[in-house]
Every structure is written in structure tokens, then in C-alpha cells.
Amino acid sequence: MKEKIAFEIEQALQRAFKKGELPSSDFPYPEIEVPKIASHGDFSTNIAMVIASSQRISPQNIARIIIENIKDSDGLFSRVEVAGPGFINFFINDSWWFSVLREIHEQGPAFGISKQKKRKKVQVEFVSANPTGPLHVGHGRCAALGDSLAAILDATGYEVQKEYYINDSGRQIHTLGLSVLLRYKELFGKKIDFPDDCYQGDYIIVLAKKLAQREKRRYLEMPEEDAIPLCAKFAAREILSGIREDLELFGVSFDQWFHEQGLFDSGAVDETISELRRRKLVYEHDGALWFRSTAFGDEKDRVIVRSNGETTYFASDIAYHRHKLKRNFDQIINIWGADHHGYVSRIQASIEALGYPRDRVRVVLVQLVNLLRNGRPAAMSTRAGEFITLREIIDEVGKDAARFLLLMHHSDSPLDFDLEAAKQQNNNNPVYYVQYVHARISSIMRKAKEQGISTEDLVETPHDDVLTQPEEMQLIKCMARYPDMLAQSALLMEPHRVPFYLMELASLFHAYYNKHRVLTGDAELSRARLYLVSAVRKIIRNGLQLIGVSAPEVM
RNA sequence: GCGCCCAUAGCUCAGUGGAAAGAGCGCCGGACUACGAAUCCGUAGGUCGCAGGUUCAAAUCCUGCUGGGCGCACCA
């Protein structure tokens, strides 16, 4: 619809220029927006004000000239007017709005889904938590965001690949192995000294018990340097499979699980260092190898090989991104916790160093989650290793509520997640407000069937002169915005727009429901209204699907 | 000290350079003998942190300041 209006304006501008009514043919693409106030029309444009200075004509006069030159051969507009400082407001004929309704029914789940043929390849990497402990609510926020962003990108015409990067090598995995080994020894009555920098959580003891059951006393006789890697491997695999289970319960899936260790095994890390060497972007200093990231805007150079010969985490991360870049994605999106923001400039420096445009990789930073219970901070002591896991949250408040609430806010703002509030099944909880729409409409559909009203052939029902209530037009106009909302959400990488939109549509529906009956004594009216509300149900279902929330028929 | 993010109604938060800044919660008052009251209707509530600047137009862009979160390793 916006494109169509923009096209009409462009045509009008050209016509006016040819007739000599406008002196310059330098026209930017007309921005079309939906005004906040209904009396300002269904759509409006500021084009007259934008070009006023280059045309040397007052905005109001330009607006008048444009309006006079609009042909509107399709009869789209019922009224076009100049308003305020030079806005052009468009009022759309009702029959065009009804065509939106028809589209929703014909396209079903595909409504608002971009049909472009050339699908750009996008990769979204998210969660990527180290397999050294269970997921917590912060990971949950990243998981909800990444999964939904991927779904939204898919819906707007991208080919999306979802990936989880597993840091299964390096020091922390060694520490994990040591932690488990010590707890294992403890189980056999050995006196141990458990260091502060080992993983403190009880889950380590659980793993040690499992290990003891499986291996008996075997690791006791082994030298530590042999036992630690074995313990580490065992523990990492166990933890990772727990992470996968949790994510599955959370409705989050990945196309690929990428192991850091593979980058070493395949020689990719060495190759990457060689390439940087070839490009003369590394140098030795104090026995270490440094990447000259300051050449690409980083604030200081970074070590990639330590003086003891070990590569840093950064080295394998560059190798990982090099690997991603070679997989030919048009866009690579990393979703990181905000505590990693200091990492962004150095990773982008490495992208440029490898000869790619730095914006090939975009990083979405997700601010932290404050977990609360009745407004008070919930136990969250990482030092003692005692924290509420994502799994516990899913068990307590449910997947749907957790996902909706974690996704509701802009990723830039920190989020308070209150367990008690999330559990409430009332009007404090927006997820049920939206789901209730779906259940209500489903209930109406069941009722209609009971009354012998067919809900199958609604498409054929004429409705233009039957759906005359203002609330009905509001619902249709709101639904017509769905594709645009999706596009915005994808462009700005902001999934929170989806739940907000759904709450708005839900609100319009509930108001309509309370004011008007769908099933009336008038069969034709009933069928027309069923046609309307079943379209609402489709949009609600589509939207909920994008954010991984179920659309229940009964609640 | 340096860097990134945030600051909008009592609270939690939306807001695409546009017209008069919005919603939910909370407060108060109301609505079911009809499709599900997990709903709806109504009232009140604002120096958009402060000060400059850009622009025909700024909550939105730029600069400075104040307050808060996070980060500044040959850790990951």
C-alpha cells in the first residue's frame, strides 16, 4: 500500500515537472507514514516540506501542485488533502481495505511474508554459552531474541541459518575438567583443596557422581594431566546436552552447532594467523604475537598468541569469523550479552583486516536481565555458583510467558524479570491477554459450527456493505500494518515490535468483542464478522509463532 | 581515567526527524439472564534528566554536563 502511494506521488511529481509547475526534477523517494491521529488520514507524506527548499516554493503550494497531478486511476483514494505545514494526507476507500482482509485469508500463514525471489543469506549466531554450566535467564533473553529475529528475517525474505558456537577448548574447559576431577576425588574420600577459580555450583558435584558411577576409581590412579582432559570432555558433553534440552524446552532450535575445537583440528586457526602475517597485520612484542587492530579503529592492539605459545580466545574467534565469512553470508549477525560490548570493535577490526567490509558482521548487544521475585532481587550469586537456571524459570512460569516477557522490551534496555509477575495468569500478564484473543475467536468458531454456520467458505462472503462498524475498520487497518511492522522489525533487528503490535491488535479485538456480537440473528452479518475475526485469529497466530509463543484454542 | 548502552506519567515501558508525546500496571468509578469477565468502558496523571546546537520541524540527530548499568588482561 505504501509503495503504491509513493508511486502515485512520484508520477505526480514527474507530471508537474514536465508541465513546468515544479522547477527542479530532483525528487527523493517519498516517505509515507501512518499518522497517529485518524483525522490526519490513513497515510501521509512530508514530501512537499522536504523538497520545498530545493524547489523554492512554499510547502503548501507544492502539496497543492502534487495533489492536482495525482491521477489515482485505480480509485484508491476517497480524499487527498493538504494539512498543517504542508503534509499531504490520504484517505483510502473502504473497498481497498477490504481487499486486505481477502489477502489475509488467501495467504494464511504467508500473509506479510516477503515473496522476493532472490533470498539473501543471513546467519544469526546466538546464545553460544560456554559448556561450563547451565543456562541462566540472560542466555534466555538472547535465545528468545535470536530465535525470533531469525524467524522474522525468514518471514521477510531472507534465507536464515541459526548457529550456536561452542567454546569447547582452552583454559575454561581445563578448569571445568579440574573442577569435576576434584569433586570426583572428594567422593572417594580424598581430601581436596577446591580453588576459588573453579566452578562452584552443585551441578559439578552431580557430574562428578555420574562420572564416578561410570568410571569407578579409574581416574584416581591416573596422573592429573591425563585425567583432567577426560573429565573435561565428559563434563562438557553432559552440560552441552543439558543446554540443548533446555533450549528445546524453550522452543529454540539451531541449524548448526559449531565447535571451537574444530578450528584447531582443521588448522583454521593457524591459517588465519598466517593470513594476518601475510597481510603484515601482526607483529611480535615481548614474546607474544599481536594483531594490529588499531589500524582498523580498535583502541589498542590485541594479543593473539601468548608468549607461552598458546593462542588466545580472540585468535580462535577471528578464525571462526573468517570461517563464517567464507561461507558467503550476505549478512552475519552476532547476538551478544552487553557485557561483551568491549569486544565489538576488535572483532570488526578483524573483519576489515581479512578484507571484508566491517558491516558484514553486525552485533546486537542484549542488556542484562535482573531476575526478581516480588520486586526483590532473586538469588543470583555466581560466585557461590547458586543461581536460578533458565530451566527452573521455564518450569516455574512456562515457556510462553517467559519468551513473551523476555522479548517485550528493546534489547538496548535492561530488563526486570519478576518471577511472581510472570506466573500470574491475569491482566498483569500481556502474554495471556494476546493468547486469550486466539482462544476467544476459536471459541466463537466452535460456537458457529454448533449453530450450523459454515466457517469454511467464508472467502466467498460479500462483506463490503455489511462490516460498517468503526471498530471493524480499525481492526482491518491494524491488520493491514502487519507486513510493514514485520519489515521494520527485520530492518532494525528489533523483535520487540512483534509483541507490542500483538498487544495493540489484541486490545482492538477485545474492545470490538465487548461492543459487538459476532454471531447475530442475521446470517449474512454473522458470516461477514466471522470472516473478519478469523482473519484476526490468523494474524495473532502468525505473530505468536514468530516469537515462539503458542496460540491456544482453549485456555 | 577511557569506551559502549540507558534516562519519557507514581511504576514498567513503547515511540520511523513531523501535526496535539502513547500503552499497560497502579488509584478511583462503572459494565455479564446473549458468542469465554484471563475481557471491556470512563476519569486523573508529563519542564521527554539538564544546557546548547543543526533543521521549516527534535523525545528522536550533534556537542557538553549530570545520574545509572556494563566493560576496559599475554582471561574466556
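Protein chains get the first letters and strands the later ones, always in sequence-line order, with residue 1 at the start of each. Bear in mind the structure is a predicted one, so any value in this text is a computation, not a measurement.
- B:U12 atom P lies 19 Å from atom CD of A:Glu420, rounded to whole Å.
- Every pair passing side-chain hydrogen bond (donor to acceptor under 3.5 Å, both in side chains) that includes a residue from residues 27-42 of chain A is listed here, sequence neighbours excluded: A:Asp42-A:Lys477.
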Enumerate the protein-to-nucleotides 74-76 of chain B contacts in which both atoms are nitrogen or oxygen and the separation is below 3.5 Å.
| unit_1 | atom_1 | unit_2 | atom_2 | d |
| --- | --- | --- | --- | --- |
| B:C74 | O2 | A:Ser307 | N | 2.6 |
| B:C74 | O2 | A:Ser307 | OG | 2.8 |
| B:C74 | N3 | A:Ser307 | OG | 3.2 |
| B:C74 | N4 | A:Asp286 | O | 2.7 |
| B:C75 | OP1 | A:Arg306 | NH1 | 3.3 |
| B:C75 | OP2 | A:Arg306 | NE | 2.6 |
| B:C75 | OP2 | A:Arg306 | NH1 | 2.3 |
| B:A76 | OP2 | A:Tyr313 | N | 3.1 |
| B:A76 | O3' | A:Gln172 | NE2 | 2.7 |
| B:A76 | O2' | A:Asn130 | ND2 | 3.2 |
| B:A76 | O2' | A:Gln172 | OE1 | 2.7 |
| B:A76 | O2' | A:Gln172 | NE2 | 2.7 |

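- Among the heavy atoms of the strands lying under 4.0 Å from A:Phe500 are primed sugar atoms or P, OP1, OP2 only; no base atom is included.
- As judged by a 4.0 angstrom heavy-atom cut-off over every strand, A:Ser44 is placed among the base-contacting residues.
- Proximity of residues 396-409 of chain A to RNA chain B (heavy atom under 4.0 angstrom from any strand atom) is restricted to A:His409.
- For A:Phe43, there are no ring-ring contact (aromatic ring centres under 6.0 Å, His included) partners, not counting sequence neighbours.
- B:C65 and B:C2: their P atoms are spaced 9 Å apart (whole Å).
- The aromatic rings of A:Trp336 and A:His321 sit perpendicular to each other, their planes meeting at more than 60°, with 30° as the lower class boundary.
- When the C1' atom of B:G71 is taken as reference, atom CG of A:Asp339 falls 8 Å away, rounded to whole Å.
- Taking a 4.0 Å limit (strictly below) on heavy-atom distances, residues 483-499 of chain A reaches RNA chain B at A:His496, A:Arg497.
- Across the protein-nucleic acid pair, A:Asp418 atom CG and B:C11 atom P stand 17 Å apart, rounded to whole Å.
- For A:Phe126, the ring-ring contact (aromatic ring centres under 6.0 Å, His included) test picks out A:Phe254, with sequence neighbours left out.
- Here the separation of B:C40 from B:A34, taken at their C1' atoms, is 16 Å to the nearest Å.
- Between the P atom of B:U16 and the CZ atom of A:Arg481 lies a distance of 13 Å, rounded to the nearest Å.
- Nucleotides B:C70 and B:C74 are separated by 23 Å at their P atoms, to the nearest Å.
- The separation between A:Met503 atom CE and B:G15 atom C1' is 13 Å, rounded to whole Å.
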Which protein N or O atoms sit under 3.5 Å from an N or O of nucleotides 34-37 of chain B?
| unit_1 | atom_1 | unit_2 | atom_2 | d |
| --- | --- | --- | --- | --- |
| B:A34 | O2' | A:Arg517 | NH1 | 2.9 |
| B:A34 | O2' | A:Arg517 | NH2 | 3.4 |
| B:C35 | O4' | A:Arg517 | NH2 | 3.2 |
| B:C35 | O2 | A:Val518 | N | 3.3 |
| B:C35 | O2 | A:Leu519 | N | 3.1 |
| B:C35 | N3 | A:Val518 | N | 2.9 |
| B:C35 | N4 | A:Tyr513 | O | 2.8 |
| B:C35 | N4 | A:His516 | O | 2.6 |
| B:G36 | OP1 | A:Ser443 | OG | 2.5 |
| B:G36 | OP2 | A:Ser443 | OG | 3.3 |
| B:G36 | O2' | A:Tyr436 | OH | 2.6 |
| B:G36 | O2' | A:Arg440 | NE | 3.0 |
| B:G36 | N7 | A:Ser443 | OG | 3.2 |
| B:G36 | O6 | A:Met555 | N | 3.1 |
| B:G36 | N1 | A:Met555 | O | 3.4 |
| B:A37 | OP2 | A:Arg440 | NH2 | 2.9 |

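- At the heavy-atom level, A:Asp301 lies nowhere under 4.0 Å from the strands shown.
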Under 3.5 Å, N/O pairs linking protein and nucleotides 2-5 of chain B:
| unit_1 | atom_1 | unit_2 | atom_2 | d |
| --- | --- | --- | --- | --- |
| B:G3 | N2 | A:His341 | NE2 | 2.2 |
| B:C5 | O2' | A:Gln367 | NE2 | 3.4 |
| B:C5 | O2' | A:Asp412 | O | 3.1 |

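- Under the 6.0 Å distance and 45° angle rule, A:Arg358 does not count as a cation-pi partner of A:Phe296.
- In RNA chain B, stems built from 3 or more consecutive Watson-Crick or G-U wobble pairs, each with both distances under 3.5 Å, span B:1-7 with B:66-72, B:10-13 with B:22-25, B:28-31 with B:39-42, B:49-53 with B:61-65.
- A donor-acceptor contact closer than 3.5 angstrom links the side chains of A:Ser316 and A:Glu260.
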Criterion salt bridge (Lys or Arg N to Asp or Glu O under 4.0 Å) on A:Glu163 and A:Lys324, from CA distance to verdict: CA-CA 10 Å; A:Glu163 186 156 305; A:Lys324 287 190 186 188; 5.7 Å; no

What does the list of N/O pairs under 3.5 Å between the protein and nucleotides 59-67 of chain B look like, with a distance for each?
none

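- Relative ring orientation between A:Tyr501 and A:Tyr482 is described as tilted, the plane-to-plane angle lying within the 30° to 60° band.
- The aromatic rings of A:Tyr512 and A:His516 sit tilted, their planes meeting at an angle between 30° and 60°.
- If you measure from atom CD1 of A:Ile37 to atom C1' of B:G18, you get 11 Å, rounded to the nearest angstrom.
- Closest to the side chain of A:His410, from the set B:G18, B:G15, B:U12, is B:G15.
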Please list, for nucleotides 24-28 of chain B, all pairs of protein and nucleotide N/O atoms separated by less than 3.5 Å.
| unit_1 | atom_1 | unit_2 | atom_2 | d |
| --- | --- | --- | --- | --- |
| B:C25 | O3' | A:Asn428 | OD1 | 2.9 |

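- Atom name P, nucleotides B:A7 and B:C75: the rounded distance is 36 Å, in whole Å.
- For the P atom pair drawn from B:U8 and B:U60, the interatomic distance equals 13 Å after rounding to whole Å.
- Base contact: A:Ala83 has a heavy atom under 4.0 Å from a base atom.
- When the options A:Arg537, A:Glu553, A:Lys538, A:Arg541 are evaluated for a side-chain hydrogen bond (donor to acceptor under 3.5 Å, both in side chains) with A:His438, the one that passes is A:Arg541.
- For A:Phe314, the ring-ring contact (aromatic ring centres under 6.0 Å, His included) partners at least two apart in sequence or on another chain are A:Tyr343.
- Of the residues near RNA chain B, A:Asn46 and A:Ala338, the one whose nearest nucleotide (by heavy atom distance) lies more toward the 5' end is A:Asn46.
- When heavy atoms are screened at a 4.0 angstrom cut-off, A:His40 is found touching base atoms of the nucleic acid.
- Side chains of A:Asp400 and A:Gln435: a donor-acceptor N/O pair is present below 3.5 angstrom, by distance only.
- Between the C1' atoms of B:C11 and B:G45, the separation comes to 12 Å (whole Å).
- Using a 4.5 Å cut-off on side-chain heavy atoms (C-beta onward), A:Glu472 and A:Arg529 make contact.
- A gap of 15 Å separates the C1' atoms of B:G46 and B:A23, to the nearest Å.
- Taking the C1' atom of each, B:U47 and B:C41 are spaced 32 Å apart, rounded to whole Å.
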